[in-house]
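The shown structure was predicted, so the numbers you read here are calculated from the model rather than taken from an experiment.
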Amino acid sequence: MVARNKIFFLTLLSYATILIIFINLTTIHSPLIGAIASVMYFLVNATVLGRFFFEKEHVFFRLIFGNLLFIMLLGLVSWAVMVIYNLDIVRSVIALCIAATLSSFLGLKTKHVQWDLRFRTCIQWRTPTRLGIVRLLYLCMIGLLFYLLFVSRSGEVHTVWEFIHPAFIPMLFATTFLLLAVIYSTEKVEYKLLSIVFYSILIHTFFVIIFPAGDVGGQQLILSDTRLVFDNAFFHGLRWPQVNIFLQIFSVLRGKNFQSAISVTLARMVGIDVYWSHSLLIPLLWGVLVPTAAFKITKTLTGSTNVSVLSSLLISSFTPIIYWGSISVPNSLGYIFFFCSLFFILKYLSSDEPKVSFLMVTFCLIALLSHFLAGIISFSLLFLAIAIREYEEEKGRSPVTTRILLLSSFIFCMSLLPLSLPYLRIFYPLNSFQTHFGFDKLYGLSAEKIIELFMIGEYVNFRVRSVLFYGLGPLLGLLGIIYYL
C-alpha cells in the first residue's frame with residue numbers, strides 16, 4: 001500500500017511537470033522554466049523505471065539506465081504520434097502524458113521494494129584531503145574548459161582551430177592528468193565514472209559549442225528534415241514518394257524519423273529551437289551512456305573494477321569514437337543503443353531473469369529503429385547469444401547436434417551484416433536505390449584478394465598512419481579482452 005502511494009505521488013508530480021511544460025509552451029516561453037520542469041519530469045519517471053528494472057543496481061546506474069529507458073519510451077511514443085499525424089505542441093504534450101502513464105503502470109508492478117523518497121543530509125565539516133582537493137580542482141578545470149569553449153564561439157569557419165582559445169588544449173591536457181589521478185585513487189567507482197562522464201560530455205560537445213553548425217554534412221540534412229517536423233510542415237513522419245508498400249514501411253521505420261521525434265519532443269519540452277535539441281542530443285547521450293555501458297560490459301567480461309573504469313575512459317578518448325559521438329545522425333544514435341544492448345546480451349548469458357531478456361530484446365529493437373545497421377548487428381549478437389545458451393543447456397545430451405547448431409548460428413550471424421544491404425534492394429523499385437555494399441564489388445577479384453579483404457577489410461588500402469589511427473584502438477581492446485578472458 002505504501003509503494004502504491006509513492007507511485008501515486010510520483011505520477012501526480014510527473015503530470016504537474018507536464019502541465020508546467022504546457023503552460024510554458026503556450027504562455028511563458030521561458031527556456032529556464034522548461035529546462036527545470038523537463039529535468040524534474042525525467043528524474044521522476046527515471047526513478048520509477050530504475051526501481052522496476054534495476055532494483056539490484058547501485059543508485060548511480062539505476063538513475064542512468066532508468067533515464068535511458070524513459071528516453072527510449074518517450075521516443076517510441078513520440079515516433080508513433082508523429083507517424084499517426086504530427087508533433088505539434090498539443091500532441092507533444094499528449095506523448096509526454098502517455099509516456100508518464102506507461103511508466104507509472106510499470107511502477108505499480110514493483111513489489112517488495114522500499115520506496116524511500118526522503119532526503120537525508122548530514123552536513124559535517126571535514127578537513128580537505130588530498131583526494132578532495134584533486135576532485136575539486138578537477139571540477140573547476142572542467143567548468144573553466146566549458147567556459148573557454150563558450151567564449152570561442154564564432155560564426156561559420158573553415159575549422160574550429162582558427163578560433164579556439166589558445167589556453168584550451170594545455171588546460172585539457174592538465175585536466176586529463178587530474179582525471180587519471182582520480183581514476184587511480186581510492187575514490188568510489190561511482191564518483192570515478194561521474195568524473196569520466198563530465199570529461200566525455202566536454203570532448204563530445206566540442207564542435208557544437210565552438211562552431212554553431214557543428215560538423216557539416218550528414219547531420220545538416222537530418223537537421224533540415226527535423227525542422228520540417230518541428231514547423232509542422234510534414235505530416236505522418238518523413239516519408240518517401242509512394243512507390244510500393246515495402247518502401248513506405250521502410251521509410252517510416254528509418255532512424256531519421258525516430259531521431260526527429262526525440263529531437264522535436266525535447267525541443268518542445270524545454271521551449272527552445274529544435275536546432276539545440278538536435279545538435280546536443282547525441283553528444284549528451286553519448287557522453288553519459290557510452291562510458292557507463294563500457295564500464296558495465298568490461299566488468300561483465302573481466303570482473304575487474306579498475307580495468308572497467310579505465311576502459312570507460314579509453315572509449316571516451318579514442319578519436320574516431322569522439323567524432324561519431326559529436327554528430328547527431330542516426331548512425332550515432334543507433335550505436336548508443338547497440339552498445340547498451342551488448343551489456344544486456346552478455347548479462348543474458350548468465351541470467352535467467354525475464355527482465356534481462358526483455359531489456360535485451362527491447363534495446364535491439366530500438367537500435368534497429370534508430371539505424372538499420374545497428375539493429376542488424378544487435379540482432380545478430382542476440383541470435384548468437386541464444387544459440388550459446390542452447391548449446392550450454394543441450395551439449396550434454398546431444399553434443400554433435402548442438403555444435404552444428406552453434407556453428408550454423410555463428411555463420412548466419414556473421415552473414416547478416418554483409419548481406420543486409422544487398423537484401424534491401426528487394427524492397428526498392430528497380431534502379432531507384434543503390435547500396436554502397438554489394439556482390440558486384442567482388443566480381444573480378446582474385447580469391448587471394450577476397451580472402452585478404454575478408455580478414456582485414458579495407459585496411460589493406462590504407463596508409464600505415466591511417467591503419468594505426470583507425471585500427472590501433474580496436475586491436476588493443478581486442479587483445480585486452482583476450483588477455484583478461
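Under the ring pair (Phe, Tyr, Trp, His ring centres under 6.0 Å) test applied with F61, the options F53, F343, F295 reduce to a single match, F295. Screening I322, I327, L285 against H204 for a side-chain contact (heavy atoms from CB on, under 4.5 Å) leaves a single residue, I322.
Here the side chain of H278 pairs no donor or acceptor atom with the backbone of V274 at under 3.5 angstrom. Without hydrogens or angle criteria, S341 side chain to M360 main chain gives no donor-acceptor distance under 3.5 Å. Listed for the S185 side chain is a donor-acceptor partner under 3.5 Å among the backbone atoms of V182. Looking only at distances, no side-chain donor or acceptor of S370 sits under 3.5 Å from a matching main-chain atom of G334. S311 contributes a side-chain N or O that, together with a main-chain N or O of S308, makes up a donor-acceptor pair within less than 3.5 Å. In terms of modelled atom types and a separation under 3.5 Å, the side chain of N24 and the main chain of S30 share a donor-acceptor contact. Of the possible donor and acceptor atoms, one in the side chain of T205 sits under 3.5 Å from a partner among the backbone N and O of L202. Looking at N67, its side chain does come within 3.5 Å of a backbone N or O of L63 through a donor-acceptor pair. Not one N or O on the side chain of S351 forms a donor-acceptor pair closer than 3.5 Å with the backbone of Y348.
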Quick one: side chains of residues 361-369, donor-acceptor pairs under 3.5 Å with protein atoms, not counting sequence neighbours, listed by atom name and distance.
from: T362; atom 1: OG1; to: F358; atom 2: O; distance (Å): 2.7

Identify all side-chain donor-acceptor contacts of residues 137-145 below 3.5 Å with residues at least two apart in sequence or on another chain.
from: Y138; atom 1: OH; to: S195; atom 2: O; distance (Å): 2.6

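Atom OG of S332 sits about 8.5 Å away from atom OH of Y323, to the nearest 0.5 Å. With rounding to the nearest 0.5 Å, the separation of CD1 in I222 from OG in S263 is 9.5 Å. Summarising the geometry, atom CG belonging to L313 is positioned 10.5 Å from atom CG belonging to L193; distances are rounded to the nearest 0.5 Å. Separating the OG atom in S328 from the CH2 atom in W286 is a distance of 11.0 Å, to the nearest 0.5 Å. A distance of 9.0 Å separates CG of L194 from OG1 of T292, quoted to the nearest 0.5 Å. The distance from the OG1 atom of T298 to the CG atom of N306 is 12.0 Å, given to the nearest 0.5 Å.
Relative ring orientation between F339 and Y335 is described as parallel, the plane-to-plane angle staying below 30° on a 0-90° scale split at 30° and 60°. Relative ring orientation between F344 and F65 is described as perpendicular, the plane-to-plane angle rising above 60° on a 0-90° scale split at 30° and 60°. In this pair, Y41 and F70 present their aromatic rings perpendicular. The plane angle is above 60°, beyond the 30 to 60° band.
In this structure, the side chains of V44 and T17 stay at 4.5 Å or more apart for every pair of heavy atoms. Between I196 and V309, some side-chain heavy-atom pair lies under the 4.5 Å cut-off. Side-chain contact check for W276 versus V270: every heavy-atom pair is 4.5 Å or farther apart. Taking the side chain as every heavy atom from C-beta outward, I21 and M40 never approach each other to under 4.5 Å.
Identified under the salt bridge (Lys or Arg N to Asp or Glu O under 4.0 Å) test for residues 133-142, with sequence neighbours left out: R135-E187. Within the structure, the salt bridge (Lys or Arg N to Asp or Glu O under 4.0 Å) test picks out no pair touching residues 12-25 (sequence neighbours left out). Applying the salt bridge (Lys or Arg N to Asp or Glu O under 4.0 Å) test to every pair with at least one member in residues 259-277, sequence neighbours left out, gives these pairs: R227-D273. Residue pairs meeting the salt bridge (Lys or Arg N to Asp or Glu O under 4.0 Å) criterion with at least one partner in residues 85-96, sequence neighbours excluded, are D88-R91.
Residues satisfying the ring-ring contact (aromatic ring centres under 6.0 Å, His included) test with F198, not counting sequence neighbours, are none. Listed by chain and residue number, nothing satisfies the salt bridge (charged side-chain N to carboxylate O under 4.0 Å, His left out) test with K188 (two or more places apart in sequence, or in another chain). In this structure Y199 satisfies the ring-ring contact (aromatic ring centres under 6.0 Å, His included) test with no other residue, sequence neighbours excluded. K192 meets the salt bridge (charged side-chain N to carboxylate O under 4.0 Å, His left out) test with no other residue; sequence neighbours excluded. Qualifying salt bridge (charged side-chain N to carboxylate O under 4.0 Å, His left out) partners for K299, counting only residues two or more places apart in sequence or in other chains: none. Qualifying salt bridge (charged side-chain N to carboxylate O under 4.0 Å, His left out) partners for D231, counting only residues two or more places apart in sequence or in other chains: none.
Between the side chains of S14 and N45, at least one donor N or O sits under 3.5 Å from an acceptor N or O.
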Check against salt bridge (Lys or Arg N to Asp or Glu O under 4.0 Å), E57 and R51: CA-CA 9 Å; E57 296 283 353; R51 282 287 185 181; over 6 Å; no

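Remark: K355 is positioned above the aromatic ring of F52, its terminal NZ or CZ atom under 6.0 angstrom from the ring centre and at most 45 degrees off the axis.
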